[in-house]
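Working notes, beginning with the structure itself.
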Amino acid sequence: MALSALIGCSSVDCPVDNTVEAVYYLYDSDAQRVTLLDSLSVLSARKDGTDTLLLNKVTERNSFSLPVGYTTSEDTLVFRLTNLNLEDTVWIRKENYPHFESVDCSASFFHTITAVRTTHRFIDTLVVNNPSVTYDSSQAHFHLHLLSGD
């Protein structure tokens, strides 16, 4: 009887893939999917003046994923094209809310994107496609449109 009680309490249904990241699809200014030819790096700019490298010199990609911060209501990201020596800053406003599965599972934060703005050196527009950032990475959260010629 004690063995059955232990077996009954040991089953925990924590999600296997509990990564919360925003998915970006790349498009040209005519809304056609494109593959990035230049190398792209993305940094998270912190209020204390330091940066955190989130994506390091990726190339030949038409999509990528980035983590979303959960301690502030706005993330500031710096997108840098290495060969063209261009840089754009992106500000993402969001609501952060804790997601709880079980006391045995690690806590996560889900997000609702409320607004986005960007500079325009090589980014034409950044469109919110799916404002709900959760464990589900099956569709793009953002459509990142590049200026023509990049």
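For clarity, every value in this text was computed on a predicted model and none was experimentally measured. Keep in mind that the numbers below use all heavy atoms, side chains included, and drop hydrogens, waters and symmetry copies.
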Step-by-step side chain to side chain contact (heavy atoms under 4.5 Å, CB included) determination, R93 to S73 | CA-CA 6 Å; R93 301 267 321 149; S73 61; 3.4 Å; yes
Any idea how F110 and Y135 line up, ring-wise: parallel (<30°), tilted (30 to 60°), or perpendicular (>60°)?
-> perpendicular
Same apolar cluster: L86 and L53, side chain cutoff 4.5 Å | no
Check whether any side-chain N or O of D75 sits under 3.5 Å from a backbone N or O of G69 as a donor-acceptor pair, and report yes or no.
-> yes
Side chain proximity check, L40 to R80, heavy atoms < 4.5 angstrom | no
For side chain to side chain contact (heavy atoms under 4.5 Å, CB included), just list the numbers for V127 and H145, CA-CA rounded to whole Å, side-chain angles, deciding distance to a tenth of an Å, and then say yes or no.
-> CA-CA 8 Å; V127 178; H145 296 262; 4.0 Å; yes
Side chain proximity check, T89 to F79, heavy atoms < 4.5 angstrom | no
Taking all non-hydrogen atoms of both residues into account, name the closest pair between T114 and K94 and its distance.
-> OG1-N, 3.7 Å
With distance as the sole test, does T72 use its side chain to make a donor-acceptor pair with the main-chain N or O of E74 at under 3.5 Å?
-> yes
Determine whether more than 12 heavy atoms belonging to other residues, nucleotides or ligands lie under 6.0 Å from atom CG of N85.
-> no
Would you find more than 12 non-hydrogen atoms of other residues, nucleotides or ligands less than 6.0 Å from F109 atom CZ?
-> yes
Starting from the C-alpha separation in whole Å, work towards a yes-or-no answer on side chain to side chain contact (heavy atoms under 4.5 Å, CB included) for L66 and F64.
-> CA-CA 7 Å; L66 296 174; F64 56 89; 3.8 Å; yes
Test item: L144 and I123 side chains (from C-beta on) under 4.5 Å apart, heavy atoms | yes
Measure the shortest side-chain to side-chain distance between L54 and P67 over non-hydrogen atoms and say whether it is less than 4.5 angstrom.
-> yes
Quick one: closest heavy-atom pair of N129 and A140, and the distance?
-> ND2-O, 2.7 Å
Hydrophobic cluster membership, F122 vs L84, 4.5 Å side-chain cutoff | yes
Hey, are T118 and D88 close enough side-chain-wise for a donor-acceptor pair under 3.5 Å?
-> no
Okay, side chain of D124, backbone of L146: is any donor-acceptor separation there less than 3.5 Å?
-> no
Contact check, side chains of V116 and W91, non-hydrogen atoms, under 4.5 Å | no
Hphob cluster co-occupancy, L77 + Y70, side-chain heavy atoms under 4.5 angstrom = no
Single-linkage hydrophobic cluster Y97~V20, side-chain heavy atoms < 4.5 angstrom | yes
Distance-only donor-acceptor check, side chains T134 and D136, under 3.5 Å = no
Do V78 and E87 touch side chain to side chain, with heavy atoms closer than 4.5 Å?
-> yes
Report yes if some heavy atom in the side chain of L43 is under 4.5 Å from a heavy atom in the side chain of T52; otherwise report no.
-> no
Value rounded to 0.5 Å, distance of NE2 in H111 from CG in N96 = 5.5 Å
Can you tell me if S29 uses its side chain to pair, donor with acceptor, with the backbone of L147 under 3.5 Å?
-> no
Quick check: does any side chain N or O of D28 sit under 3.5 Å from a backbone N or O of D30, one acting as donor and the other as acceptor?
-> yes
For the side chain of R33 and the backbone of N62, is there at least one donor-acceptor N/O pair under 3.5 Å apart?
-> yes
E60 side, atom CD; S39 side, atom OG - distance, nearest 0.5 Å = 11.0 Å
Rounded to the nearest 0.5 Å, what separation is found between the NE2 atom of H141 and the OG atom of S132?
-> 6.5 Å
Supply the members, apart from Y25, of the Ile/Leu/Val/Met/Phe/Trp/Tyr cluster built from side-chain contacts under 4.5 Å; use none for a lone residue.
-> V23, Y27
Would you say T59's side chain and L37's backbone share a donor-acceptor pair under 3.5 angstrom?
-> yes
Student check: side-chain heavy atoms of S41 and L55 closer than 4.5 Å | no
Apply side chain to side chain contact (heavy atoms under 4.5 Å, CB included) to I113 and I92, showing your working.
-> CA-CA 7 Å; I113 307 300; I92 301 171; 3.7 Å; yes
